[in-house]
Amino acid sequence: MSRLLHRDTVPPVPAAELTARSADGSRIHVELHGPEDAPAVVLAHGWTCNTRFWDAQIRDLAADHRVIAYDQRGHGLTPEPGPGGYSTNALADDLEAVLAATLAPGRRAVLAGHSMGGMTVMAAAARPGLREHAAAVLLCSTGSTRLAAEARVLPLRAGALRTRITTAVLGAKAPLGPVNPVSRKILKYATMGAGSAPDRVDACARIVHSCPRRARVEWGHVLAELDLAAGVRELRVPTAVIAGTDDRLTPPVHARAIAAALPVGLGLTELAGMGHMTPVEAPEAVTAKIRELVTRYVATGTAAERKAATVEKEDVA
């Protein structure tokens, strides 16, 4: 049985919880796990998910890391925002607020974002808060632009018709309904690899189906119009990319484009047979990459700072 559900049927108990205040006053629910003075990791989940999506990583890393996980606005324990509160700028505001609330001035961390969480990091790439606190970044199963055009969830040829229908699906208001064999089968097809273990499919289904309908719809509209290509070019910290070869929501074409455009790219890892939910489908691989980044860029610190400084100087020149 997977590490996510075996001894992990009960969610990890945080060492502390707090509320960060975003720029528009929105309250962001934050969990802190592990020793306060250990190397820090910040986890940003994706569309329709919540902090429970990272349970496997939290359980592993919290033994010797300060793990900071938060619910994106409208997800989990973070309330829905007011009118106009759904945008990539809001995602960036929220991440800056979490970093300011949990990390002392100058303290650096590895930031890991899955799907919309990766988009959050790209949206915040030029923000002072990210540049102050990000030692390195891991982008998991994400894209920066043309999400509806490239998605392969619908069994149609690429083109205008598939893009239009995919856009409509992203913003569909129909309720997801209860988790049952049919809904699990649909979710597995759309978001996970064919070989995904049943317990991992069930875990993802329960997380996704718990997402409030309004948040799912509003963020779906944002994703359909997403354009963060400029954010990729502004991400001036060492950044690694992970993608599943069988990802239908954000196919590997996105990961390859991001990896090629990053100013301080650390390469792309393609996980054979994995779908979109890589932190759950391949928890060991994702956790190992986070640990690698912490060892290289937080535990020592100097390597990341030198690389980032070099890019900044080249940009000024």
Side-chain angles (χ1 to χ4, degrees), residues 1-17 29-46 49-72 76 98 102-103 107-115 117-118 121 133-142 192-193 195-204 206-207 238-244 266 269-300 304:
M1 188 175 282
S2 78
R3 297 174 61 190
L4 186 69
L5 292 181
H6 181 51
R7 63 184 175 84
D8 311 334
T9 51
V10 177
V13 177
E17 296 176 272
H29 174 74
V30 186
E31 295 181 1
L32 299 99
H33 299 261
E36 193 284 329
D37 59 350
V41 174
V42 179
L43 305 174
H45 69 74
C49 296
N50 55 52
T51 55
R52 299 283 65 78
F53 189 79
W54 295 106
D55 277 358
Q57 285 71 42
I58 292 171
R59 291 188 185 281
D60 188 306
L61 294 170
D64 52 358
H65 294 73
R66 183 63 159 181
V67 183
I68 300 157
Y70 71 100
D71 286 323
Q72 302 268 22
V98 170
T102 58
L103 298 173
R107 185 178 182 185
R108 291 180 175 265
V110 167
L111 276 52
H114 169 259
S115 191
V121 176
H133 292 294
V137 166
L138 176 62
L139 300 176
C140 299
S141 308
T142 191
M192 304 181 78
S196 295
D199 57 337
R200 296 185 182 188
V201 175
D202 186 69
C204 282
R206 293 184 184 282
I207 290 170
T239 301
V241 184
I242 282 181
L266 300 177
T269 301
E270 295 193 26
L271 302 175
M274 298 299 155
H276 184 67
M277 303 300 209
T278 47
V280 174
E281 293 181 78
E284 294 84 1
V286 172
T287 302
K289 182 59 69 172
I290 293 173
R291 282 187 171 277
E292 176 187 327
L293 294 174
V294 170
T295 299
R296 291 181 64 185
Y297 300 113
V298 179
T300 59

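What you see below is based on every heavy atom in this structure, not just the backbone, and it leaves out hydrogens, waters and symmetry mates.
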Problem set entry | Trace of the side-chain contact (heavy atoms from CB on, under 4.5 Å) decision for Val294 with Val41 | CA-CA 8 Å; Val294 170; Val41 174; 3.7 Å; yes
Problem set entry | Worked verdict on Ile290 versus Leu61 for side-chain contact (heavy atoms from CB on, under 4.5 Å) | CA-CA 9 Å; Ile290 293 173; Leu61 294 170; 3.8 Å; yes
For this session: Decide yes or no on side-chain contact (heavy atoms from CB on, under 4.5 Å) for Leu293 and Leu266, but give the supporting numbers first.
Result: CA-CA 10 Å; Leu293 294 174; Leu266 300 177; 3.5 Å; yes
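Closest approach of Asp64 to Asp60, counting heavy atoms only: OD1-O, 4.3 Å. Nearest heavy atom pair, residue Pro39 against residue Val298, reads CB-CG1, 3.8 Å. For Val280 against Arg200, the heavy-atom pair with the smallest separation is O-CD, 3.2 Å. Contact detail for Asn50 and Gly76: the closest heavy-atom pair is CB-CA, 3.9 Å. Pairing each heavy atom of Asp55 with each of Pro11, the nearest pair is OD2-CA, 4.0 Å.
Using a 4.5 Å cut-off on side-chain heavy atoms (C-beta onward), Glu17 and Leu32 make no contact. The shortest distance between side-chain heavy atoms of Val137 and Pro238 does not fall below 4.5 Å.
Applying the side-chain contact (heavy atoms from CB on, under 4.5 Å) test to Ala44 and every residue at least two apart in sequence or in another chain returns Tyr70, Gln72. Residues satisfying the side chain to side chain donor-acceptor pair (under 3.5 Å) test with Ser141, not counting sequence neighbours, are Thr278. Here His65 pairs with nothing under the ring-ring contact (aromatic ring centres under 6.0 Å, His included) rule; sequence neighbours left out. For Glu36, the salt bridge (Lys or Arg N to Asp or Glu O under 4.0 Å) partners are Arg107, not counting sequence neighbours. Looking at residues two or more places apart in sequence or on another chain, you find a side-chain contact (heavy atoms from CB on, under 4.5 Å) between Glu292 and Lys289, Arg296. Here Ala285 pairs with Leu271, Ala282 under the side-chain contact (heavy atoms from CB on, under 4.5 Å) rule; sequence neighbours left out. Annotation: side-chain contact (heavy atoms from CB on, under 4.5 Å) contacts of Ala109 (sequence neighbours excluded): Ala40, Val42, Leu103, Leu111. For Arg66, the side chain to side chain donor-acceptor pair (under 3.5 Å) criterion is met by no residue, not counting sequence neighbours. With sequence neighbours left out, His33 forms a side chain to side chain donor-acceptor pair (under 3.5 Å) with Glu31. With sequence neighbours excluded, the residues satisfying side chain to side chain donor-acceptor pair (under 3.5 Å) with Ser196 are Glu281.
Note on ring orientation: taking the six-membered ring where Trp is involved, the planes of His114 and Trp54 are perpendicular (angle over 60°, cut-offs 30° and 60°).
Under the 4.0 Å criterion applied to side-chain N and carboxylate O atoms, Arg52 and Asp71 are not assigned as salt-bridge partners.
Here the straight-line distance linking atom CE of Met274 with atom CE of Met192 works out to 9.0 Å at 0.5 Å rounding. The distance from the CD1 atom of Ile242 to the SG atom of Cys140 is 5.0 Å, given to the nearest 0.5 Å.
Between the side chain of Arg108 and the backbone N or O of Ala134, at least one donor-acceptor pair lies under 3.5 Å.
Here the options are Ile58, Thr51, Leu138, the test is side chain to side chain contact (heavy atoms under 4.5 Å, CB included), and the partner is Leu43; only Ile58 passes.
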